[in-house]
Amino acid sequence: MGRYLLRRLLQAVPVLFGTTFLIYVVVWQLPGDPFAGRCGDRACPDAFVNAMNEQFRLDEPLLVQYGHYIANMLQGDLGLTYNMVPVTDLIAQAAPITLRLALVALAFEVVIGVVAGVLSGLRRNSFFDNLVFVSTLLALSIPTFVLGRFLQWLLGVQWGIITPSVSGEATWGELIVPGIVIATTTTAILARLARTTIAENLRADYVRTAIAKGMPPHRVIGVHLLRNSMIPIITLIGLDLGTLMVGAVVTEGIFNINGLGGLVYDHVMRLDSTVVVPVATLFVLIYILANLVVDLIYGLLDPRIRYE
Amino acid sequence: MPVPRSRLFLPATLSVTLLLTACGGSGDEGQAEGPVTIDGGQPENPLVPGNTNEVYGGDILDALFAKLMRYDPDTAEPEEHIAESIETDDDQTFTITIRDDWSFHDGTDLEARHFVDAWNYSAYGPNGFVNNYWFEDIEGYEDLNPEDEDAEPETDEMSGLELIDDHTFEVTLDEPFADWPFQLGYTVYSPLPDSFYDDPEAFGSEPVGNGPYEFSSWTDNEEITVDRWDDFPGDEPGQVESIQWRMYDNQDTAYQDLISGNLDIMTRLTPAALAGDVYQDDLEDRYIDQESGLTYSATITTEADGYDDPTFRQALSMAVDRDELAEQIFNDGQEAADGWATGAAVGYQDDACGEYCTYDPDRANELLDEAEDGGFEVPEEVDFYFNDDAEHREWVEAVVTNWNQVFEGRLEANAVPVPTFGEFRENINNREYDGILRTGWQMDYPHLENFLSPLFVTGAASNDGDYSNEEFDELVAEAKQSSDEDEANELYQEAERVLAEDMPTIPIFAGRTISGYSDRMDNMEVNPFGVPVYERLTVQ
């Protein structure tokens, strides 16, 4: 187990370097001079463009730039954005907010999605099952931005329960509604997945054996059935944690949340690679870790899966 | 000669003093209830006047810095602010005397050298300031910005700036420019305190100014707050205790905040709010609608084959149904342009473009006939380039559709998107396009001159279409040297009418600013730049 962990972590190192380099090249290849568009509808003075190019080394060959970049990054210096804000500050500010938002969404997905799925899987074709079916259908068919705008208008403007935008502190309470908006789709998918898995495993041999042994129903379901049904669900949740950290640009925009997704999007539009590269690297790191955690949980859930 | 005070036409729409009404105000209940919040965004550059030229940073600097001149919020007339007097005998050398009772927020006395040093620093090429070119009229600017980019300037002081005593300095221009002091109300001419030079970078994130409000806090992508400066020596000190700009990624969210009372002022309402006049239901009478200093235009590369015929360019202009587009696309948030300037500018004339900016398909086709009779060959494809990262696609495509309908079969127009503004600008700077360019202009100071010389004088910095006309150049030069302001304005207006004959740029829309505010505001006014008049804001 320990060696497996070490091996996985070591594998992450070349992946990280490879992806940062790729991202660096891609951002660098984006057409357009990042400083030419900073003077409104007029040409920027040469003096400005030259000074900026020099400061950000854009006049040097790609590999030299990348070398400097990595050297600085290894010392923990991510440099400044083109508007002279330390990149580390921006990330330090956005990352906790995104993490909180992701956890709120995740909690919603697990509590609502998994519970509803498991219950309807246990009581197939009941009223509750049908209710879950219809609700998930509805949840899957509403685009995120529509739901976001609608809840913002209904709860924020009409009823005044929440403020339409999230404040700078982005407290847990403020993130509940945005978290639900982000989680809706995955919650529905999770519910469907959990239902099918439970329904299928209910007919499995080991369940019949457990019942035949005279095991009480709560132990059959809680220990045997649930534990065996968790593997696909955990996989989905693990992958979704990655997505939640990365892909909430739309919802972040609607509720004015300063998360990582919006940070990257803004700076891609401004051709400002100083932020794009480190945050994208962070995303890669998050995915690697999320996958690792999922793989480790497999081992706990199913002893047949062993890591050497 | 003292700076002229009275100007020509004052557009009535500019006087927007709205004394409010709003709902059940118990007026005395103090202003303690948190700062007045205004929508904003993360400034693109550090907050240094010489290095900021976009609205988000500019709006804030406006509150932080007082300048030599100030534009009257109602009329756009410049008046002396820190300057006690600006005198000249020859319209080339100006003696500027400043008030001796002014200081910076940190308590240091404001002296003439603070202006001289700041201007020299901003103009010094190697410092790479965005607003560097503003100082090019001053004698000795070239020495700080040598033609050869790699050469180190031999001096870091412009010979045209001379300190006389603590409160007086003299500015000498390269050539006479009677209206030069008019621009001294623009942010780039702000003074900088000594602390700036110790650490310009730190200053940029925590500026020390001399205006009605002093810097308080800045959280990136979140908010910037300024507090009232109680020792403000000017005539109109701030009233509300503090002002906070909240940064929004998405303007529609700002609007939701505004109508639910979570935001006090929204400077520019979104198209979604303007659609079907939704905002008038949402805000009742809590909005201000006025002309702004923003133009939307189609600049033609006048030197390129197929675009070098003025008659053809006029034909294109007459094939655009501006009124219809303004209504359909902007919900009348912009209006049809009738010239190259907007009503917010001093010296503006009605209908400078005349019939050439009216929609007349038949006449447009006749003009095209005329051009062809004269040996002109219509380009196979007329390309209209625009940057696709802002809200331009709709109107550019609509203009192209107009052309294709009016000139059906005679030419094929295309809207050609360029993904980012950075790429678009770079290609324009490198002159890589032949055809038509989406352009716009936000005035720097409210004068007709600002809509003409930077854009259309031969070789001017923003003359993207490489337009060149001796008559135009001479008229502008003459106007600049004329010390009689009425005469100067007439000359500028004449120059503008020359543009109608040549049509180097097709004016499409003139911007309007529609600002909304919450019922917490008691008084709210917007200046000719479309920015709230900070010192006049009051809350219930």
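Chain naming here is simple, since letters A, B, ... match the order of the sequence lines and numbering starts at 1 in each. Both backbone and side-chain heavy atoms feed into the values below; hydrogens, waters and symmetry mates do not.
- Options A51(A), G168(A), P164(A), A94(A) differ in how many heavy-atom pairs under 4.5 Å they form with chain B, and the most are formed by P164(A).
- Annotation: F456(B) is not in aromatic contact with F451(B) [ring centroid separation under 6.0 Å not met].
- The distance between the ring centers of Y445(B) and Y186(B) does not fall below 6.0 angstrom.
- Only the side chain of N53(B) comes within less than 4.5 Å of a heavy atom in chain A; its backbone stays farther off.
- In this structure, F424(B) and Y433(B) have tilted ring planes: the angle between them lies in the 30° to 60° band.
- With a threshold of 4.5 angstrom between heavy atoms, D266(A) approaches chain B through side-chain atoms but not through N, CA, C or O.
- For Y248(B), the parts lying near chain A are the backbone and the side chain together; criterion is any non-hydrogen pair under 4.5 Å.
- For N45(B), the parts sitting under 4.5 Å from any heavy atom of chain A are the backbone and the side chain alike.
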(request) Could you go through the side-chain contact (heavy atoms from CB on, under 4.5 Å) check for D143(B) and M158(B) one step at a time? (result) CA-CA 7 Å; D143(B) 301 336; M158(B) 288 182 278; over 6 Å; no

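- The greatest number of non-hydrogen atom pairs below 4.5 Å with chain A, out of N221(B), N429(B), V130(B), is found for V130(B).
- A distance-only check finds no donor-acceptor pair linking the side chain of N53(A) to the backbone of L58(A) [under 3.5 Å].
- When heavy atoms are compared at a cutoff of 4.5 Å, F35(A) does not approach chain B at all.
- N262(B) touches chain A through its side chain: at least one heavy atom from C-beta onward sits under 4.5 Å away, while N, CA, C and O do not.
- With a 4.5 angstrom heavy-atom cutoff, E54(B) does not touch chain A via any of its atoms.
- With rounding to the nearest 0.5 angstrom, the CE atom of M247(B) is 13.5 Å from the OG atom of S165(A).
- For the side chain to side chain donor-acceptor pair (under 3.5 Å) test with R425(B), the passing option among T420(B), N430(B), D464(B) is D464(B); the others fail.
- Neither the backbone nor the side chain of P454(B) comes within contact range of chain A, judged by heavy atoms closer than 4.5 Å.
- For chain A, no part of E223(B) is nearby; none of its heavy atoms comes within less than 4.5 Å.
- The side chain to side chain donor-acceptor pair (under 3.5 Å) test with Y255(B) singles out one residue from N250(B), D282(B), D39(B), and that residue is D282(B).
- Only the side chain of N145(B) comes within contact range of chain A, judged by heavy atoms closer than 4.5 Å.
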